[in-house]
Amino acid sequence: MPTVIVTDEIEIIGPGRGRGRGGDGKPPGGDGGGGGNDGGAGGSAVPQRTYITGMTVALGGILMFFMALVSAYIVRKGTSNDWRPLEVPRILWVNTAVLILSSFTLSFSRKRFLQGDKPAFRHWWLVTCALGFLFLVGQVVAWRQLANAGVFLATNPSSSFFYVFTAAHGLHLLGGVLALFWVAVLPMRRLTQSTATTVAAMYWHFMDGLWVFIFLLLLLGR
């Protein structure tokens, strides 16, 4: 009889731990959903918060790059005898309004996403992509207007900085447009869609604010 009791305890305790939990005492299937990893098959080895941290660091690097350009702009303007103020094309006002509007449509899209309304999310997300593309087209129009007026990259230091500022920002924004389109259309693999929308929105709002700063610099710092 004592032997039977011991055997029963072994059968209850041993198989219960071996089959219900992994070798480390955790439930089967990983960490039970904690840690912020991707919920896809097999899970991502990189926590989702890592992507947000990486984007924050990247935005810091972009900000340093543009602040270096701003410093060069201020120094060159203050020490130059050949600096001639550049008349900013009026279409930049329209471009700025379009980009600010895109931030509102992006925020509205993310709100729909958090409410679980996927069709509305995708609609307004793609509207943001279209507005971003419209902004880039407007920048090209501004360059053509300057070229038609005889103002080119090497015409004057002020025009050189105008082309450099707008081209550098335009390239970064183009990357943002492609990222937004990717989030809306292509399936997520290593990222959850929630994290992807968060990271893309961080980048887009930063590019929006950066352009407003550049525009005011070019407009008021002539």
Side-chain angles (χ1 to χ4, degrees), residues 29-63 65-66 91-142 166-216:
D31 57 5
N37 285 354
D38 193 344
S44 172
V46 181
Q48 296 296 293
R49 62 180 176 272
T50 303
Y51 294 98
I52 298 176
T53 302
M55 177 55 69
T56 303
V57 173
L59 294 180
I62 295 173
L63 180 62
F65 168 74
F66 278 95
I91 194 174
L92 290 191
W93 287 94
V94 178
N95 296 347
T96 302
V98 167
L99 197 58
I100 292 175
L101 179 61
S102 73
S103 275
F104 284 101
T105 58
L106 184 67
S107 297
F108 186 77
S109 174
R110 291 199 69 234
K111 185 180 296 185
R112 297 283 78 78
F113 174 79
L114 295 176
Q115 293 175 350
D117 189 352
K118 292 298 184 68
F121 153 71
R122 180 168 283 105
H123 169 77
W124 288 105
W125 196 268
L126 291 175
V127 167
T128 304
C129 291
L131 290 174
F133 182 76
L134 184 61
F135 171 85
L136 293 174
V137 171
Q139 296 295 77
V140 174
V141 171
T166 54
H169 178 269
L171 288 174
H172 283 85
L173 194 80
L174 176 61
V177 171
L178 296 176
L180 290 181
F181 186 78
W182 171 72
V183 171
V185 176
L186 299 180
M188 300 292 103
R189 296 186 182 276
R190 298 184 62 83
L191 281 170
T192 62
Q193 194 166 38
S194 176
T195 301
T197 56
T198 299
V199 171
M202 287 173 59
Y203 185 85
W204 192 261
H205 291 313
F206 177 84
M207 285 294 122
D208 189 350
L210 180 61
W211 169 251
V212 172
F213 172 78
I214 292 173
F215 177 61
L216 292 176

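Atoms considered below: every heavy atom in the structure, side chains included; atoms not considered: hydrogens, waters and symmetry mates. Predicted, not measured: the structure shown is a model, and the values here were computed from it.
For CZ of F181, the number of neighbouring non-hydrogen atoms (other residues, nucleotides, ligands) closer than 6.0 Å is 12 at most.
V199 places a side-chain heavy atom less than 4.5 Å from the side chain of I52. Residues W124 and R110 are not in side-chain contact: their nearest non-hydrogen atoms beyond the backbone lie 4.5 Å or more apart. Considering only heavy atoms from C-beta on, F206 stays 4.5 Å or farther from M55 through its side chain.
Note that CG of D208 is 9.0 Å distant from OG1 of T96, once rounded to the nearest 0.5 Å. The CG atom of L114 sits 7.5 Å away from the OG1 atom of T198 when rounded to the nearest 0.5 Å. From I62, atom CD1 reaches atom CG of L210 across 8.5 Å, with rounding to the nearest 0.5 Å. Here Q139 contributes atom CD and L134 contributes atom CG; the two are 10.5 Å apart, rounded to the nearest 0.5 Å. Note that CH2 of W204 and SG of C129 are 7.0 Å apart. Values are rounded to the nearest 0.5 Å. Within the model, atoms CH2 of W211 and CG of N95 stand 7.0 Å from one another, a figure rounded to the nearest 0.5 Å.
Of all non-hydrogen atoms in A201 and L106, the two that sit nearest each other are CA-CD2, 3.7 Å. A pairwise comparison of heavy atoms in T105 and T128 identifies OG1-OG1, 2.8 Å as the closest pair. The minimum heavy-atom distance between V177 and F133, with the atom names listed, is CG2-N, 4.1 Å. Contact record, L173 with M207: CD1-CB, 3.7 Å, taken as the closest heavy-atom pair. Of all heavy-atom pairs between A200 and L180, the closest is CB-CD2, 3.9 Å. Across every non-hydrogen atom of L126 and A184, the tightest pair is CD2-CB, 3.8 Å.
Note: F121 and F113 have tilted aromatic rings, judged against thresholds of 30 and 60 degrees for the angle between ring planes.
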Verdict with reasoning, H169 to F135, per ring-ring contact (aromatic ring centres under 6.0 Å, His included)
CA-CA 11 Å; H169 178 269; F135 171 85; 5.8 Å; yes
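Listed for the S102 side chain is no donor-acceptor partner under 3.5 Å among the backbone atoms of G132. Distance alone, capped at 3.5 Å, is enough to place a donor-acceptor pair between the Q48 side chain and the T192 backbone.
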